[in-house]
Structures are given as structure tokens and as C-alpha cells.
Amino acid sequence: MTRWRSVVGGICLVGALGSGIGLARAAPGPAGPVAAGSAGVMEAHQQARRAFGARRWAGAEASFEAVLAAPEAAGMTAVQRAEVLGYLGLCELEQGKHREAAEHLGQSLEQDAALNRALLDRFTRAFNRAVERVGRIYVAASPPDAEILLDGEPIGTGATVHELFVAPGAYTLRARLSGHGEGSQRVEVDAGKTVSAALQLARAADAPARAPDPGASKSAPVKPAAASAAPAAAPGPWASWPGTLRITGIAVATAAVSAGAVFMVRASRLDGDLGERIDGLHRDPAWTSGACREAPQPSACPELHGMRVQRDRSGAVGTALVATGAVVGAVTAASFFVDLSSLRSTPARTGFRLVPAMAPQQVGVVALGVW
């Protein structure tokens, strides 16, 4: 009986497996297209690596670009993307496409933490070779919503500092934004050199007065614009106070630190004179270290006391002045990075800000605005 149950159970199990396999073959799963797309990306990547190994630079370049352009490229890890960009830059460098090579190798080196040491060194050497043959432009614009164009071609907005690799030559940078005047700058770039440009857009002037309608009645005289216009409101007391306070803060900090340094130098000299006076008294056999604590006191004791008082006072005043100057200077420096326009009677039209500019082997800032 037990044997028959085993046989029947085995037949049922085989039937269930067969039914499951049949259902799996009949119903396509949702992972089918994704797997096929991933396989296509993997095949393109393998073709690119084979072409690279065979030194077929044009074919390898096309295959690496196909990998980056595939919809599934968004799922690549940081390591995979850095390697593909780096190898693409190597292919372009071998073909003399120095601008494209510098751009892609630079993008790869931005993810240097994802590269192993061998690839990092290889891509860095190639990047340095590429940038020796092209120029580099760092450009930023304010306000950050402004659109930046290089010789008429849009490259982005002023929200970030853009690093551009260009062939040596002259270029025109422009920035535009609705409601603002256009900013432009002409730059000359040499091979292996870097230039920076900061485009500041001013608000556009108010629209001109509307011309009178030719069809209107001519019997009524037209008032002059100057007579009909309301007098301009005088600037409020808060209009320019941040700049005045900053200048005052710089002056106060400088004066306080300078005066404090004078007092501290005087305290140092008094301390030296006091030491010399005490050394001279110690050479007198009748003088002891506790002579001023005995009665009657020697005649030199009041003199020593007065020198100590002057030294201590000068040191205390000098320290206080230097500390005050440092605090005022720190507050003044911090005010350059704080937007104080909310306290003014009219909103600020310009500001001051520092925009970081980073690239492989270079770090800097671009200062935008006026105060």
C-alpha cells in the first residue's frame, strides 16, 4: 500500500511540474523586455571592449556611445559609467578628438572614487594629454536662472559653474533672462590655458512712456512727461546702510587691531625693562627676592610695583583691543555672505556670492555680484 502511494505521488508531482513548465512557457513574464534590453547593452559593451582591444578606435567609440545612449544606461553603476566614459575618452584621444576626449575623461574622473588605481592613473594621464591641446573655460552667470550660450549654442543655466573644453580660438559668451539686460563677454582661449568668465545681468529699465494715440483729439494739450510724472521717492534710510556698515566695520577692526598691537608691544617692552631692573637688583648682595615684602621696603620696590602695573594694564588693553577687532572683522566678513536685502526699503537688485568651481586637479571659486 505504501509503495502504491509513493508511485501515485510521484506521478502527481511529475504532472504538476509539467503543467508549471507549460504555463511558464505559455505566459511571458514582465522581465522579458528588460532582460532583452540589458542583454543588448551588455552585447554593445562587449563589442566596444573587443574593438578597443583590437585598436579599432572608431568602432569602439561608436559602441561605447551606444552603451551610454541606451535607455538602460540609467541603471548602470557609478563604476560602470566611469569606465565607459573613460574608455570612450581614450578612443577619442587616439583619433585626435582632443576636445571630446577631455570632456569625457573629465566626466569619468569626476567619479574617481569609483575607479581602481590602475584605471584612475591611466585616465588621468590621458586627460592631461588632452587638455594640453584644447582650451578650458569656466563660466557662471547671475541670476542663476539666466541661460548661458557659447557662440549662440545653449550650454545650461547660471545655477552652476560650467566647465567647457573648446578648440583654441575666440568665443563669445552670452547670458539672457526675461526681464534683464543681456550680458556678454568675448574670450580668447589658447591651448592648455584656462579662462574664467562671470556674466552679470542687470534688470531691464522700465518700459518707455507710451506714445500718444494719433487718432486722439488734438484739442487738449499734451502735458510734458516731466510735469506729469510723480517725483521720484527719495531712498529710504536703509537703502545703503549695509555697505556703510561694512566699510565702518573694516575701519573699526583695522584700528582696533593696530592699537591693540601697539599696547601689546609696549607691554612687552615694559616687561623687558622690568626684567633688566630686577636682574640689576639681584647683583646687589644686599638685595633678596623677598625684600619688598619686608619692612621697611627698599626704595626700589615702589618703582618695581609701578612698572608691573603699567605692564599689566598695557597687556590687558592690547589683548582687549585685538579681540574686539577680531570679532568686528569676523562679523564684517560674514556679512558679505548674508543676504541683507530683506531689511532694506527696496529689494536688492544685485548680490554677492561665491560659486565653487571644481575640476580634476583644480579647485577654485568664482565671485559674482557687487556690494
Side-chain angles (χ1 to χ4, degrees), residues 44-45 48-49 51-52 56-70 73-74 76-115 119-141 147-175 185 187-199 355-364 366:
H45 188 265
R49 295 298 296 268
F52 184 88
R56 297 195 302 270
W57 308 122
E61 177 189 1
S63 297
F64 281 123
E65 288 179 343
V67 172
L68 293 175
M76 289 194 302
T77 64
V79 176
Q80 293 169 338
R81 185 169 186 83
E83 290 183 358
V84 170
L85 286 168
Y87 279 113
L88 175 59
L90 293 179
C91 296
E92 293 165 337
L93 182 62
E94 293 293 340
Q95 299 177 82
K97 301 179 180 180
H98 299 99
R99 187 192 65 80
E100 295 85 350
E103 179 179 349
H104 290 130
L105 287 167
Q107 293 174 0
S108 174
L109 293 175
E110 288 177 358
Q111 308 174 50
D112 53 357
L115 297 170
L119 284 180
L120 179 61
D121 293 342
R122 185 177 185 180
F123 293 164
T124 301
R125 289 193 301 268
F127 176 79
N128 293 334
R129 286 173 52 199
V131 296
E132 290 176 356
R133 306 292 294 274
V134 299
R136 182 158 40 183
I137 302 174
Y138 287 109
V139 58
E147 182 185 22
I148 304 176
L149 302 95
L150 175 68
D151 282 351
E153 294 294 330
I155 60 174
T157 66
T160 59
V161 176
H162 297 273
E163 180 186 32
L164 308 176
F165 295 99
V166 296
Y171 297 88
T172 299
L173 292 164
R174 293 193 299 119
Q185 183 173 342
V187 295
E188 184 81 22
V189 188
D190 297 327
K193 302 298 182 180
T194 301
V195 298
S196 299
L199 305 176
V355 180
M358 295 187 297
Q361 300 179 347
Q362 289 191 356
V363 177
V366 177

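Just so it is clear, the values below take in all heavy atoms, side chains as well, and ignore hydrogens, waters and symmetry mates.
Side-chain contact between Val67 and Met76 is present, with heavy atoms from C-beta onward closer than 4.5 Å. Contact annotation: the side chain of Arg136 never approaches that of Val189 to less than 4.5 Å [non-hydrogen atoms, C-beta and beyond]. Ile148 has its side chain out of reach of Arg174: every pair of non-hydrogen atoms, C-beta onward, lies at least 4.5 Å apart. Within the 4.5 Å cutoff, no side-chain heavy atoms of Thr194 are placed close to those of Ile137. Within the 4.5 Å cutoff, side-chain heavy atoms of Pro154 are placed close to those of Leu149. Between Gln111 and Arg81, some side-chain heavy-atom pair lies under the 4.5 Å cut-off. With a 4.5 Å cut-off on side-chain heavy atoms, Thr77 and Gln80 count as touching.
The CZ atom of Arg99 lies 10.0 Å from the CZ atom of Phe165; values are rounded to the nearest 0.5 Å. Within the model, atoms CD of Glu92 and CG of Leu105 stand 8.0 Å from one another, a figure rounded to the nearest 0.5 Å. A distance of 11.0 Å separates SG of Cys91 from CZ of Arg56, quoted to the nearest 0.5 Å. Atoms CZ and CG, from Arg129 and Leu90 in turn, are 8.5 Å apart once rounded to the nearest 0.5 Å. To the nearest 0.5 Å, atom CD of residue Glu132 and atom NZ of residue Lys193 are 11.0 Å apart. Within the model, atoms CZ of Phe123 and CG of Leu93 stand 11.5 Å from one another, a figure rounded to the nearest 0.5 Å.
When atom types are taken as modelled, the side chain of Asp151 and the backbone of Thr172 share a donor-acceptor pair closer than 3.5 angstrom.
Using a 4.0 Å cut-off between charged side-chain N and carboxylate O, Glu61 and Lys97 make a salt bridge.
When all heavy atoms of Ser63 and Ala48 are compared, the pair lying nearest together is CB-CB, 3.3 Å. Here the closest non-hydrogen pair linking Val79 and Ala114 is CG2-O, 3.4 Å. Taking all atoms of both residues into account, the shortest heavy-atom contact from Ala197 to Val187 is CB-CG1, 4.5 Å. Listed here is the closest heavy atom pair of Ser108 and Ala82: OG-O, 2.7 Å.
The residue from Phe64, Tyr87, Phe52 that alone fulfils the ring-ring contact (aromatic ring centres under 6.0 Å, His included) condition with Trp57 is Phe52. When each of Val195, Leu150, Ile155 is tested with Val139 by the rule side chain to side chain contact (heavy atoms under 4.5 Å, CB included), just one qualifies, namely Ile155.
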Show your working on side-chain contact (heavy atoms from CB on, under 4.5 Å) between Phe127 and Thr124 and close with a plain yes or no. CA-CA 5 Å; Phe127 176 79; Thr124 301; 5.6 Å; no
